[in-house]
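Structure first, then comments.
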Amino acid sequence: MGVIVETEAYGGPEDPASHAATVSGRTKRNAVMFGPSGYAYVYRIYGIHWCMNVVTGLDGQAQAVLIRGLDPLDGEDVMRERRGGRDPIATGPGRLSQAIGVTGALQGHRLTSPPLTLEPGWPLSEQAIRISGRIGVRTAADRPYRFYVHGARGVSRHPVNCYRGPPA
DNA sequence: ACTCCGATTGTT
DNA sequence: ACAATCGGAGTA
């Protein structure tokens with residue numbers, strides 16, 4: 001169990017960095033993104049890591065949020081075990097998925113039931129929430145779609161091009 | 001069928 | 001700076 005402290009937004013087909021922006025639109029991989037919100041869109045990256053998104057858009061919009069950082073609240077022992085004895089603090093989408101046991105088996109999983117659920121957190125001050133460009137993307141990297149909690153341990157990086165306030 | 005390469009991470 | 005590692009996406 002933990003608190004999500006870092007996310008990235010990915011728009012629909014109009015967002016060139018999104019998996020939904022394929023020439024064919026909906027594909028076997030991104031099909032879950034095109035469905036209703038509240039489901040897990042899981043994909044494999046570089047043939048090595050699993051990454052998890054939460055579908056956020058209305059049915060057909062293909063919008064999702066990549067979960068990139070988590071501050072554990074409890075169960076750190078289990079997370080450490082899943083991570084092969086390494087630091088349970090899960091920074092980055094790959095490590096995070098490993099820590100909380102996300103694999104392709106959770107593709108399309110509804111996040112309201114075990115084994116993985118998503119619940120509301122609590123409000124944070126405006127100052128605590130920082131915004132930056134997305135990490136790792138080649139295209140549209142300058143879009144202010146990355147949101148993270150200032151100073152949180154689970155945040156992967158504090159990039160230079162961060163700024164305050166809502167997205168332009 | 002075949003090539004290219006990625007919303008990453010760990011090592012050199 | 002680069003390797004690990006593989007299936008999706010694009011081209012044919």
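All heavy atoms count here, side chains included; hydrogens, waters and symmetry mates do not. A note on names: the letters A, B, ... follow the listed sequences, proteins ahead of strands, and every chain is numbered from 1.
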Per-nt protein contacts along nucleotides 1-9 of chain C (heavy atom under 4.0 Å; B base, S backbone sugar-phosphate only, - none) come out as ---BBB-SS

By a strict heavy-atom criterion of less than 4.0 Å, which residues belonging to residues 83-91 of chain A are in contact with DNA chain C? none

Side chains of A:Arg82 and A:Gln98, donor plus acceptor under 3.5 Å: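 The answer is no; no qualifying pair exists.
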
Got a donor-acceptor contact below 3.5 angstrom from the A:Asn30 side chain to the A:Gly25 backbone? yes

Going 5' to 3' along DNA chain B, which are the first and last nucleotides with any atom under 4.0 Å from a heavy atom of chain A?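 Nucleotide range in contact with chain A: B:dG6 to B:dG10.
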
Locate the shortest heavy-atom distance separating [X] from [Y]; write the atom from each residue and the value.
{"X": "A:Ala21", "Y": "A:Asp15", "value": "CB-O, 3.2 Å"}
{"X": "A:Met33", "Y": "A:Ala20", "value": "SD-N, 4.2 Å"}
{"X": "A:Leu96", "Y": "A:Gly69", "value": "CD2-N, 3.7 Å"}

Criterion side chain to side chain contact (heavy atoms under 4.5 Å, CB included) on A:Thr7 and A:Leu66, from CA distance to verdict: CA-CA 5 Å; A:Thr7 63; A:Leu66 173 68; over 6 Å; no

Any chance you could measure A:Ser97, atom OG, to A:Leu106, atom CG, to the nearest 0.5 Å?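 Spacing of OG (A:Ser97) from CG (A:Leu106) equals 9.5 Å.
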
Gap between atom CD1 of A:Ile67 and atom CG of A:Leu118 - 0.5 Å precision: 7.0 Å

Taking the P atom of each, how far is C:dT5 from B:dC2, in whole Å?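 Straight-line distance between the two P atoms is 23 Å.
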
Going by the rule side-chain hydrogen bond (donor to acceptor under 3.5 Å, both in side chains), which residues pair with A:Arg80 if we only count those two or more places apart in sequence or in a different chain?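 Counting only residues at least two positions away or on another chain, A:Arg80 forms no side-chain hydrogen bond (donor to acceptor under 3.5 Å, both in side chains).
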
Using Watson-Crick and G-U wobble pairs whose two distances are both under 3.5 Å, how do you write the pairing of DNA chain B as dot-bracket, with | for links to another strand? ||||||.||||.

Could A:Glu8 and A:Arg68 be called an ion pair, given the rule that one side-chain N must be under 4.0 Å from one carboxylate O? yes

If hydrophobic clusters are built from ILVMFWY residues whose side chains come within less than 4.5 Å, do A:Tyr148 and A:Leu73 share one? yes

Can I get a per-line list of side-chain donor-acceptor pairs under 3.5 Å for residues 37-49 of chain A, giving both atom names and the distance, sequence neighbours left out?
from, atom 1, to, atom 2, distance (Å)
A:Tyr41, OH, A:His19, ND1, 2.7
A:Arg44, NH1, A:Ile48, O, 3.3

